[in-house]
Amino acid sequence: MKKKRRIKDWMLAAAALILTVLLAGCGDKKTAATMYLVQTEGTVGVQDEKEKEVSLMDNLGLYSGYHVGTKTESYAWITLDQAKLTKMDQDSEIEIQKSKNEKELEIDIKSGSMFFNVTEPLGEDESMDIRTSSMIAGIRGTCGWMEEGAEACRLGLLEGTVECRMPEGNSVVITAGQMAVLPAGAHEIQVVPLSPEEIPGFVLDEDPKLPDDMGHGTETESTEESTEKTAQEDVAEQYYDPEVGLGMPEVPQDGIERKILEVKDGEELKELAMNEDLSNTEIHLGEGTYEVQYLSFHGFENLSIIGTGKTRLVATGGDELILSASNCKNLLLYGLVMGHDLPPEISECTAGVVLFHNCEDVKLGGCDIYGCGLTGLSGSSSSITALRTVIRDCSSEALYWLGGDGELRFMECAFVGNGEAPLFGGTAGNTVFTLENCIMQENKSSEKYKFYDRADVSWEENGTRESGNSWQ
């Protein structure tokens, strides 16, 4: 483990120890076998790490570097231990990689599909990744299948929750009844509802438990009926992720007439922020990535920046904020996905994502603020209302505040997978904090909030749903 010094960002607090480790087994030598080919149907072949054919036998041990392949109308069942089972579809090939201590496992789907059913969660020191050529999924206590297809890679989930990521790209979290799809040549994973008709036959043959609102075959209620939910129900079952377009709020309207600008890339947006008076301006951004490196807005009034929910404002270095605003009034950020997209040689962020100082009437609508930003939202002396916005996967805290007069109000927001610092921290000053119908899920902190200047912080919280947080 390595301690990383926090950058001299005047709005952020003292150093935080951050670890983000992607586990992928890469052992070369044979170790005590815990994986077995326990059943085959049709024509199944096995090769060892030297590409030599291995004769089939009952409970054939499989080692790191082994390949298993199935022909047409052929299937193979592999157990990882009594609580882990995988099944290969016909016309499929996989490669197995394990670490020397067998705690880290990777199954690489070269072609075809694989069903997985991990009935018990893995231990804290264990990992199991299933991957295709372009997607990786960490499997822990879940059931579904993954497919390497000519047109797209897919991950369908029947039980549990899974993070699905690109080796060098975005990541999404899906829950039972959803599918992650990465079309060939695409740069972002999409999340779509999973209908019963999309579940492959080789998966249904294993009689998996289906999500409550799904059934076998086509004799079910229509997909529209089975997946129809209100925005509030979406929030209740899964944290809001505007990157995949779940329940975007309406664009706030205040009746103020603004000049409308359409901006095509990050360089143009940054140039406007630096050199133009953007008061009484409405900036429209399209879908896709805007490499802004660092945006700073100062002294503007009635400025709106409107994205689509799939508009990404990113920096490729980890030592600068994505966006900061100071001395602004009536500022709207809508439908923006903001975070750091780091190259492989940069492992950690030393700066947060967004910061506000001395701002009045800031509105965040349908925004996605994500790690590895050290802190999701920071600032002081400002009034901010966030609606259906998610702050997720930040390596330290979701919010770090340095007091002053103001009010922070979070409505139907989600705080998911953030680091070990208190989820809400810093100093409260005279700030009033209000949370309404928010979700707090799988955060690593032992404390929900801790403000160092006051024990009697003005904190009002209603309708919070908490699951999997370290403080629980």
Side-chain angles (χ1 to χ4, degrees), residues 19-20 83 117-124 126-128 137-144 155 157-165 171-180 191 193-194 209-214 227 229-244 246-247 366-371 376-377 386-399 410-425 433-450 459-472:
L19 290 177
T20 304
N117 187 13
V118 182
T119 58
E120 295 180 6
L122 302 179
E124 289 295 327
E126 293 182 308
S127 72
M128 175 180 170
I139 308 301
R140 302 180 68 88
T142 50
C143 177
L155 171 64
L157 201 60
L158 304 177
E159 291 185 54
T161 301
V162 165
E163 179 186 13
C164 188
R165 65 188 187 275
S171 66
V172 298
V173 175
I174 65 172
T175 58
Q178 292 184 320
M179 177 182 290
V191 178
L194 175 62
K209 179 183 177 182
L210 301 184
D212 292 338
D213 60 348
M214 299 178 65
T227 60
K229 299 177 181 179
T230 65
Q232 181 61 34
E233 288 171 335
D234 280 335
V235 171
E237 293 193 3
Q238 178 189 345
Y239 73 84
Y240 171 71
D241 184 354
E243 188 171 4
V244 297
L246 298 180
C367 289
D368 181 354
I369 299 170
Y370 70 91
L377 172 61
L387 172 63
R388 295 186 189 171
T389 287
V390 58
I391 302 179
R392 60 180 172 89
D393 303 323
C394 293
S395 50
S396 188
E397 60 273 286
L399 171 76
F410 298 94
M411 302 170 62
E412 297 181 18
C413 292
F415 308 91
V416 182
N418 295 291
E420 296 180 357
L423 188 64
F424 300 84
F433 299 86
T434 304
L435 288 83
E436 300 177 14
N437 299 319
C438 292
I439 290 176
M440 299 179 185
Q441 177 180 314
E442 298 179 3
N443 296 289
K444 303 175 183 65
S445 173
S446 60
E447 297 177 276
K448 181 188 297 185
Y449 63 90
K450 182 177 182 180
W459 183 278
E460 183 177 347
E461 185 176 348
N462 298 297
T464 301
R465 294 177 293 283
E466 300 181 8
S467 64
N469 302 292
S470 296
W471 66 73
Q472 292 181 271

- side chain to side chain contact (heavy atoms under 4.5 Å, CB included) between Glu461 and Lys448, worked out: CA-CA 12 Å; Glu461 185 176 348; Lys448 181 188 297 185; 3.1 Å; yes
Which heavy atom of [X] sits nearest to which heavy atom of [Y], and what is that distance?
X	Y	value
Pro422	Ser445	CA-OG, 3.2 Å
Cys413	Arg388	SG-N, 3.9 Å
Leu157	Cys143	CD1-O, 3.4 Å
Phe415	Ala398	CD2-CB, 3.9 Å

At what distance, to the nearest 0.5 angstrom, does [atom1] of [X] lie from [atom2] of [Y]?
X	Y	atom1	atom2	result
Leu423	Ser446	CG	OG	11.0 Å
Glu447	Ser470	CD	OG	11.5 Å
Leu435	Met411	CG	CE	11.0 Å
Glu397	Asn443	CD	CG	11.5 Å
Glu436	Glu412	CD	CD	9.0 Å
Asp368	Thr389	CG	OG1	8.5 Å

Does the side chain of [Y] come within less than 4.5 Å of [X]'s, by heavy atoms?
X	Y	result
Leu155	Val162	yes
Ile391	Asn418	yes
Leu194	Leu158	yes

- Run the salt-bridge test on Lys444 and Glu420 with the 4.0 Å N-O cut-off and return the result as yes or no.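 A salt bridge is absent here (no side-chain N lies under 4.0 Å from a carboxylate O).
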- Task: Give me the ring orientation class for Trp459 and Tyr449: parallel if the planes are under 30° apart, tilted from 30 to 60°, perpendicular past 60°.
- Result: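 Trp459 vs Tyr449 ring planes: parallel.
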- Message: Quick one: does any side-chain atom of Asn469 pair with a main-chain N or O of Glu442 as donor and acceptor, under 3.5 Å?
- Response: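 Indeed, once roles are kept as given, a pair shorter than 3.5 Å links the two residues.
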- Message: Closer than 3.5 angstrom, by distance alone: can the side chain of Thr434 be matched with the main-chain N or O of Glu460 as a donor-acceptor pair?
- Response: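 Checked: no pair found.
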